[in-house]
Amino acid sequence: MQQRFPGYDVMSQAREWDPVTQAVVQARLGPRPALAFFTPPEEAVARPLMNRLLELDEGPAVPVLEGIDQRLATGQLDGYRQVGMPPAPEMWRRSLVALDEASRERCGREFALLDRDCQLLVLEGVRTGGDFGGMPGPEVFAAWLRFGCTELYSHPDIWNEIGFGGPAYPRGYKATSPGIREPWERADVAPAEDPVPIGARMEQARKRHLDGVAARAAK
Amino acid sequence: MAPVNRPRSVRDRNESAWLLPKDGRRCDPALVEGMRRFADDDVVDLVVVGCGAGGGVLTQRLARRGWRVVCLDAGPFWDPDRDWVSDEKGSHHIYWTDPRVIGGSDPVPLGSNNSGRGVGGGTVHYAGYTPRFHPSDFNTRTADGVGQDWPISYGDLRPYYEAMEEELPVAGQSWPWGDPHRYPQSPHPVGPNGQIVMRGAEQLGIDVRVGPVAIVNGGFGHRPHCIYRGFCLQGCKVNAKASTLVTHVPDALARGAEIRPDSMVTRIELDDAGRAAGVVYIREGVERFQRAAAVAVAGYAIETPRLLLNSATKRFPDGLCNNEDLVGRYVMVQGAPQVTGRFEEEVRMYKAPPPEVSSEQFYETDPTKDYARGFSIQTVSPLPITHAEHVAAEGHWGSVLREYMRDYVHWSTIGVLCELLPLPDNRVTLADEKDRFGLPVAHFDYSQCDNDRKLIEASEKVAVSILEAAGAQETLSIQRYAHLVGGARMGATPSEGVVDSNLRSFAVPNLYITDGSVLPTQGSANPALTIMALAARAADHLAASR
């Protein structure tokens with residue numbers, strides 16, 4: 001994977017931020033409490049789930065599951081839930097059990113023991129399927145991804161990956177026109193890399209590949 | 001012509017901006033800690049439930065008239081320095097996230113999208129767009145055959161719009177749509193996202209204007225100029241964006257109102273004569289009763305109906321003021337699809353406030369279209385977590401999602417607000433589930449009608465065309481909703497509305513509803529300014545009636 005903003009370090013600007021924001025962002029880089037919500041068997045499913053949903057090996061290590069665990073343990077949740085969906089803590093526990101069941105049914109083993117291809121196949125089945133552990137599969141998939149993205153894209157190491165300027169109080173921004181940057185921001189080294197055709201090719205390749213995996217799994 | 005600045009007259013009627021500290025702090029602890037306190041047994045002149053756009057303005061207005069007012073808010077009394085951060089994930093606590101159930105064929109997500117918590121309410125996390133409604137909004141039933149006529153006209157609200165625009169204050173170009181008017185502060189310079197949208201609109205001949213935003217341009221009292229940091233939706237740490245926490249609460253406190261935070265109102269109590277006697281609330285785990293000569297509910301479109309339904313009595317077995325089966329009905333949200341476009345140049349839309357430029361060119365019914373009413377166009381600038389939701393909504397995940405997100409600095413985003421119609425079955429009822437106070441939680445059903453779907457589709461096409469005209473290589477669209485109004489609509493008669501044109505409930509003579517839930521229709525304007533104007537108008541009525 002090509003780095004788009006090599007050498008960019010958003011934390012080099014932390015001294016410009018107000019102390020409350022500094023503390024909140026710094027805490028994401030520091031030690032995390034031990035897991036409090038997920039049981040070990042749940043963790044065994046949830047870790048590879050997050051790795052596949054967000055391909056966490058593609059960039060800097062981010063404690064996504066630890067962040068989700070903290071939110072679930074301390075009740076920092078959206079609050080509302082859709083008819084047919086249980087409250088978030090129960091949704092997580094039930095969906096992890098359902099994921100193992102779907103994995104055994106589709107590929108013969110628990111989710112954590114599947115190879116990457118089979119994991120992708122099972123997840124695509126949840127995303128596009130119907131009932132999943134008594135819940136609508138696409139809703140569960142969207143909730144997993146929403147929780148995961150909140151952790152991933154709030155992490156300063158990932159802000160470096162995407163070139164985001166981060167917090168800006170009290171300093172603010174001065175270079176506020178397209179095509180210009182603050183002195184401390186880095187230029188994208190691959191501005192022509194339009195992700196839409198790239199993503200479409202990746203999706204097509206994934207689909208062809210998974211069709212093959214599905215055919216083998218069916219044998 | 002130079003914009004008209006009238007700080008002197010504003011200060012004469014609302015001193016809030018001059019009561020904030022001059023020394024760089026965003027809140028004066030002496031004003032908060034030294035506020036007047038009432039006892040539960042004091043029969044205050046008015047108890048207000050909720051200190052958001054409506055409750056904050058009403059409290060300030062009546063405190064100014066010498067009324068003894070207590071305003072109870074379920075959330076904290078914010079200090080922007082201490083409590084807010086320039087960070088998306090770290091702002092979870094400013095949203096109302098108590099349990100709620102959503103249903104219907106088009107369920108509406110709540111939480112961070114539309115539900116505020118604490119003193120200032122939704123004005124803490126709104127973008128800061130403060131357009132007026134158009135004159136046509138007040139009689140859509142007669143003119144367009146849809147929606148509902150209001151029991152008041154635009155002219156009844158105009159002086160209150162003008163007053164609020166001065167007090168917030170609102171910055172923007174002179175406004176050509178609806179009732180043409182000017183704004184008290186000049187338009188802000190436009191950031192990268194706004195420049196792209198203006199470029200596209202100009203290509204297509206679509207008229208867009210800078211503003212109207214309730215963000216200080218140049219200075220106002222002790223509130224500083226905006227620093228263009230881009231975190232308007234996370235609570236303004238600068239005090240540049242108007243929230244009632246800075247625009248009305250300081251003056252209310254200085255004039256002797258009490259704003260009692262962390263106080264969850266659970267019931268409105270009636271006396272034997274059928275008049276409101278006060279409210280039951282829970283503070284620090286203890287149930288209390290605040291006595292009052294009048295009650296005003298301002299808990300917004302979900303919590304106001306919920307409180308009325310939870311306040312059922314023998315006389316009102318289906319919920320207070322619900323004898324006509326109107327409480328909780330006709331809740332509205334605006335269809336708010338967003339379109340994001342990819343540009344080879346770096347846009348970096350996170351710089352400058354998300355609310356920058358807008359257009360109301362498509363606001364009115366266009367007889368050549370197969371739908372009634374219209375939409376407005378506004379810039380929005382999602383931060384990374386929200387932008388990831390756009391990408392995920394396209395069905396992307398894993399490596400593809402990461403690839404899209406690495407490209408974040410190249411995307412520019414535009415939003416629309418569609419006037420979806422008020423429908424009786426889009427309603428708040430009580431669920432079986434209970435919250436930590438033991439109260440049934442709100443169940444909010446929402447389903448679109450044909451007109452809604454046509455309008456959303458048409459508006460999305462216009463948004464796509466603007467970004468394409470600006471040179472976007474690609475566009476992605478996400479379907480979403482914005483704002484919440486209705487649920488206790490005003491009407492000319494008790495069979496038409498829960499409250500009358502002065503926001504007084506038809507069923508209980510000293511019970512008022514002073515928030516967005518009284519709106520019979522919603523236009524395609526952001527509702528905050530209209531809610532504030534209605535509350536200020538109701539305050540005049542209350543003061544005159546005593």
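In what follows, chains carry the letters A, B, and so on, assigned in the order in which the sequence lines appear, proteins first and then strands, with residues in each chain numbered from 1. Only heavy atoms go into these numbers, but all of them, side chains included; no hydrogens, no water, no symmetry mates.
Within the 4.5 angstrom heavy-atom criterion, no atom of B/Asp83 approaches chain A. For A/Pro19, no part lies under 4.5 angstrom from a heavy atom of chain B. The contact between B/Pro109 and chain A is made by backbone and side chain atoms together, counting heavy-atom distances below 4.5 Å. For chain B, the nearby part of A/Trp159 is the side chain; its heavy atoms alone come within less than 4.5 Å. Residue contact with chain B, scored on non-hydrogen atoms closer than 4.5 Å, involves the backbone and the side chain of A/Leu56 alike. Residue B/Pro107 touches chain A through its side chain alone, counting heavy-atom pairs closer than 4.5 Å. For chain A, the nearby parts of B/Tyr350 are the backbone and the side chain; heavy atoms of each come within less than 4.5 Å. Of the atoms belonging to B/Glu344, heavy atoms from both backbone and side chain fall under 4.5 Å from chain A. Only the side chain of B/Glu345 comes within contact range of chain A, with at least one heavy atom under 4.5 Å from a heavy atom of that chain. Looking at B/Val391, neither its backbone nor its side chain comes within 4.5 Å of chain A, counting heavy atoms on both sides. Looking at A/Ala142, there are no atoms closer than 4.5 Å to chain B (heavy atoms on both sides), in backbone or side chain. Contact annotation for B/Asp98: only backbone heavy atoms (N, CA, C, O) come within less than 4.5 Å of a heavy atom of chain A. Heavy atoms of A/Ala200 lying under 4.5 Å from chain B are absent altogether. Proximity to chain A (any heavy atom under 4.5 Å) is shown, for B/Ser112, by neither the backbone nor the side chain. At a 4.5 Å heavy-atom cutoff, the contact between A/Arg181 and chain B is made by backbone and side-chain atoms alike. Residue B/His443 touches chain A through its side chain alone, counting heavy-atom pairs closer than 4.5 Å. Both the backbone and the side chain of A/Leu54 come within contact range of chain B, judged by heavy atoms closer than 4.5 Å. Only the side chain of A/Leu152 comes within less than 4.5 Å of a heavy atom of chain B; its backbone N, CA, C and O stay farther away.
Ranked by heavy-atom pairs under 4.5 Å with chain B, the list A/Leu145, A/Val24, A/Asp188, A/Asn51 is led by A/Asp188. Of all the listed residues (A/Arg28, A/Arg52, A/Met85), the one sharing the greatest number of non-hydrogen pairs under 4.5 Å with chain B is A/Arg28. Among B/Ser412, B/Gly191, B/Ala442, B/Gly230, the residue with the largest count of heavy-atom pairs under 4.5 Å with chain A is B/Gly191. Contacts with chain B were tallied for A/Gly172, A/Pro167, A/Pro191, A/Ser154; A/Pro191 has the most, counting heavy-atom pairs under 4.5 Å. Residue with the most contacts toward chain B among A/Ala192, A/Pro197, A/Pro170, A/Ala27: A/Ala192 (heavy-atom pairs, distance under 4.5 Å). With chain B as the partner, the residue from A/Leu77, A/Ile198, A/Leu120 showing the most heavy-atom pairs under 4.5 Å is A/Leu77. The choice from B/Ala393, B/Ala431, B/Ser399 that makes the most heavy-atom pairs within less than 4.5 Å of chain A is B/Ser399. Here A/Glu151 is the residue among A/Arg171, A/Glu151, A/Gln22, A/Arg71 with the most heavy-atom pairs under 4.5 Å with chain B.
In terms of heavy atoms, B/Ile385 sits closest to A/Cys149 at CG1-O, 4.1 Å. The two residues B/Lys237 and A/Tyr169 have their closest heavy-atom pair at O-OH, 3.2 Å. Residues B/Gly103 and A/Val83 approach most closely at CA-CG2, 3.8 Å, considering heavy atoms. When all heavy atoms of A/Ile180 and B/Arg348 are compared, the closest pair comes out as O-CD, 4.4 Å. Of all heavy-atom pairs between B/Ser86 and A/Thr21, the closest is N-OG1, 3.0 Å. Summarising the geometry of B/Gln473 relative to A/Asp194, their closest heavy-atom pair is CB-OD2, 3.8 Å, with the distance given to 0.1 Å.
No side-chain heavy atom of B/Arg406 sits less than 4.5 Å from a side-chain heavy atom of A/Pro195. The shortest side-chain heavy-atom distance between A/Thr176 and B/Pro189 does not fall under the 4.5 Å cut-off. The shortest distance between side-chain heavy atoms of A/Phe164 and B/Leu383 falls below 4.5 Å. At least one side-chain heavy atom of A/Phe141 sits less than 4.5 Å from a side-chain heavy atom of B/Trp397.
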Working for side-chain contact (heavy atoms from CB on, under 4.5 Å), residues B/Arg402 and A/Glu161
CA-CA 10 Å; B/Arg402 296 291 293 267; A/Glu161 178 178 302; 3.0 Å; yes
Set out, in order, the CA-CA distance, both residues' side-chain angles and the distance that settles side-chain contact (heavy atoms from CB on, under 4.5 Å) for A/Tyr153 and B/Tyr408, then state yes or no.
CA-CA 11 Å; A/Tyr153 291 105; B/Tyr408 172 64; over 6 Å; no
Stepwise side-chain contact (heavy atoms from CB on, under 4.5 Å) test for A/Arg4 and B/Asp407
CA-CA 8 Å; A/Arg4 301 282 290 267; B/Asp407 200 55; 2.6 Å; yes
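Residue-environment remark: CG (B/Asp432) stays at or below the threshold of 12 foreign heavy atoms within 6.0 Å. Counting non-hydrogen atoms of other residues, nucleotides and ligands closer than 6.0 Å to CD of A/Glu90 gives a total above 12.
When only modelled atom types and interatomic distance are considered, A/Glu203 and B/His396 share a side-chain donor-acceptor pair under 3.5 Å.
Using a 4.0 Å cut-off between charged side-chain N and carboxylate O, B/Glu433 and A/Arg81 make a salt bridge. A salt bridge does not link A/Arg146 with B/Glu389: none of the charged nitrogens is closer than 4.0 Å to a carboxylate oxygen. With respect to the salt-bridge test (charged N to carboxylate O, under 4.0 angstrom), the residues A/Asp18 and B/Arg229 do not qualify. Salt bridge annotation for A/Glu185-B/Lys351: present, with a cationic side-chain nitrogen under 4.0 angstrom from a carboxylate oxygen.
Checked by atom type and distance alone, the side chain of A/Glu55 never pairs as donor or acceptor with a backbone atom of B/Leu401 at under 3.5 Å.
Rounding to the nearest 0.5 angstrom, the gap separating the OH atom in A/Tyr80 from the CD1 atom in B/Ile302 is 12.5 Å. With rounding to the nearest 0.5 angstrom, the OG atom of A/Ser177 is 10.0 Å from the CD1 atom of B/Ile196.
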